[in-house]
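Here's the structure we're looking at; comments come further down.
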Amino acid sequence: MAYYPPKKIAQVAIEAGKTKTELPLPQMLVLGFLGGAFISIGYLLAIRVSADVPHEWGSFASFLGAAVFPLGLILILIGGAELLTGNMMAVPMAFLAKRVTISRLLHNWFWITISNFIGALFVAYFFGHVVGLTETGPYLEKTVLTAHAKVDTAFWPAFISGIGCNWLVGLAVWLAYGADDIGGKILAIWFPIMGFVAIGFQHIVANMFVIPAAIFAGELTWMDFLRNFVPVYLGNAVGGFIFVAMVYWIAYVPRSSVPADK
């Protein structure tokens, strides 16, 4: 499998981040909707696979869910979509390299947040609530327990969990940029994403699915969602921007390649 060394990955990430900020708004919104929907489908799959596993299997049930969750990011990076947490790594790479402005970075994050949320709500409401895939038997129990665990986490633990999550998600995107074929990209995505899910880190777009799914089932409120949203969003931003984009920008982007300020 062909792959790029880290210095080459850094340049690919910079160009990817720049391209993301240049998308016309209608295209950004459509791809953002797909990103939120695909992550939610991956989460829905994880619930359906792991919820009815015998109790005696212990943590292996969590591993089974974590093993299939990467479907979402595979669909995004190979099929084509925009995901906020991935953009929290790629767009800052372009910003640090002075290829995009802070206003373009914030513009991208804002609209991808909105469109990811709409995509996640679509899956939570129509597949989870209307079809009932998260509202019957063990699947309801799994959804509610998972959502409660997220919203019951205090601000700072949720924030730090968000950092850990997007450290791994950002690395998954980074590694996928380094693969030159579909098989390599799938492997690059699978391990870090499986890892963050098995560990239990909090992902803002995944939470946009599972917490509203519990809300639609009458178990939580939108205020619960908001209290979780803020620390996890900020933690994901720090994880992608600081722990992936900034450290690799420092390590692998020579200062001579960064355009001088005019």
Side-chain angles (χ1 to χ4, degrees), residues 3-21 31-32 35-36 38-39 42-43 66 69-78 80-97 99-100 102 104-106 108-110 112-113 116 120 158-179 184-208 229 231-253:
Y3 68 94
Y4 302 138
K7 285 186 178 180
K8 174 63 174 177
I9 298 175
Q11 296 305 316
V12 172
I14 289 168
E15 291 303 318
K18 181 174 182 292
T19 298
K20 290 175 182 296
T21 66
L31 293 175
F38 290 163
I39 288 295
Y43 208 151
F69 184 95
L71 170 67
L73 193 60
I74 291 169
L75 292 174
I76 288 165
L77 290 180
I78 297 176
E82 290 289 304
L83 180 67
L84 176 65
T85 46
N87 289 18
M88 285 174 167
M89 182 281 288
V91 179
M93 284 291 294
F95 168 72
L96 292 168
R99 300 294 300 278
V100 304
I102 189 65
R104 296 307 301 171
L105 180 151
L106 294 175
N108 178 269
W109 285 12
F110 176 81
I112 297 303
T113 299
N116 278 180
F159 172 77
I160 295 169
S161 178
I163 292 175
C165 169
N166 219 27
W167 195 350
L168 287 172
V169 174
L171 284 170
V173 176
W174 176 272
L175 295 177
Y177 286 162
K185 287 183 182 293
I186 290 173
L187 286 175
I189 292 165
W190 189 84
F191 281 97
I193 300 303
M194 177 276 294
F196 104 72
V197 178
I199 291 169
F201 288 146
Q202 296 215 37
H203 184 281
I204 190 62
V205 182
N207 288 8
M208 290 175 181
F229 179 91
V232 175
Y233 192 102
L234 294 175
N236 284 176
V238 171
F241 197 132
I242 305 297
F243 284 76
V244 184
M246 181 172 287
V247 296
Y248 281 147
W249 175 76
I250 292 170
Y252 294 121
V253 181

Where [X] and [Y] come nearest, the two heavy atoms and their spacing:
X: Y252; Y: K7; result: CD2-CG, 3.7 Å
X: A66; Y: A198; result: CB-N, 3.6 Å
X: A245; Y: P92; result: CB-CB, 3.9 Å
X: N207; Y: Q202; result: ND2-OE1, 2.8 Å
X: G17; Y: A94; result: C-CB, 3.8 Å
X: A10; Y: V253; result: CB-CG2, 3.9 Å

Determine the sole option in F229, F196, Y43, W167 for which the ring-ring contact (aromatic ring centres under 6.0 Å, His included) test with H203 is passed.
F196
Under the criterion side-chain contact (heavy atoms from CB on, under 4.5 Å), I'd like the reasoning laid out for N236 against C165: C-alpha separation, chi angles, the key distance, then a yes or no.
CA-CA 7 Å; N236 284 176; C165 169; 3.9 Å; yes
Going through the distances and angles, do I204 and N116 end up as a side-chain contact (heavy atoms from CB on, under 4.5 Å)?
CA-CA 10 Å; I204 190 62; N116 278 180; over 6 Å; no
Out of T85, V244, L84, which residue meets the side chain to side chain contact (heavy atoms under 4.5 Å, CB included) rule with N166?
T85
Let me confirm one number: the [atom1]-[atom2] distance from [X] to [Y], rounded to the nearest 0.5 Å.
X: L96; Y: L105; atom1: CG; atom2: CG; value: 9.0 Å
X: I39; Y: I76; atom1: CD1; atom2: CD1; value: 4.0 Å
X: F38; Y: I78; atom1: CZ; atom2: CD1; value: 11.5 Å
X: M93; Y: E15; atom1: CE; atom2: CD; value: 10.5 Å
X: L71; Y: F69; atom1: CG; atom2: CZ; value: 9.5 Å
X: I14; Y: W249; atom1: CD1; atom2: CH2; value: 9.5 Å

Checking side-chain contact (heavy atoms from CB on, under 4.5 Å) for the pair T113/M208: CA distance, chi angles, key distance, verdict?
CA-CA 10 Å; T113 299; M208 290 175 181; 4.1 Å; yes
Is a donor on one side and an acceptor on the other found under 3.5 Å between the side chain of R104 and the backbone of T21?
yes
Short side-chain to backbone donor-acceptor contact, K185 and A176, under 3.5 Å
yes
Under the side chain to side chain contact (heavy atoms under 4.5 Å, CB included) test, residues paired with K20 that sit two or more places apart
E82, N87, A90, V91, N108, Y177
Under the side chain to side chain contact (heavy atoms under 4.5 Å, CB included) test, residues paired with Y4 that sit two or more places apart:
K8, I9, V12, D180
I193 and V169: side-chain contact (heavy atoms from CB on, under 4.5 Å), yes or no, with the steps?
CA-CA 6 Å; I193 300 303; V169 174; 3.9 Å; yes
Just say parallel, tilted or perpendicular for the rings of W109 and F241, cut-offs at 30° and 60°.
perpendicular
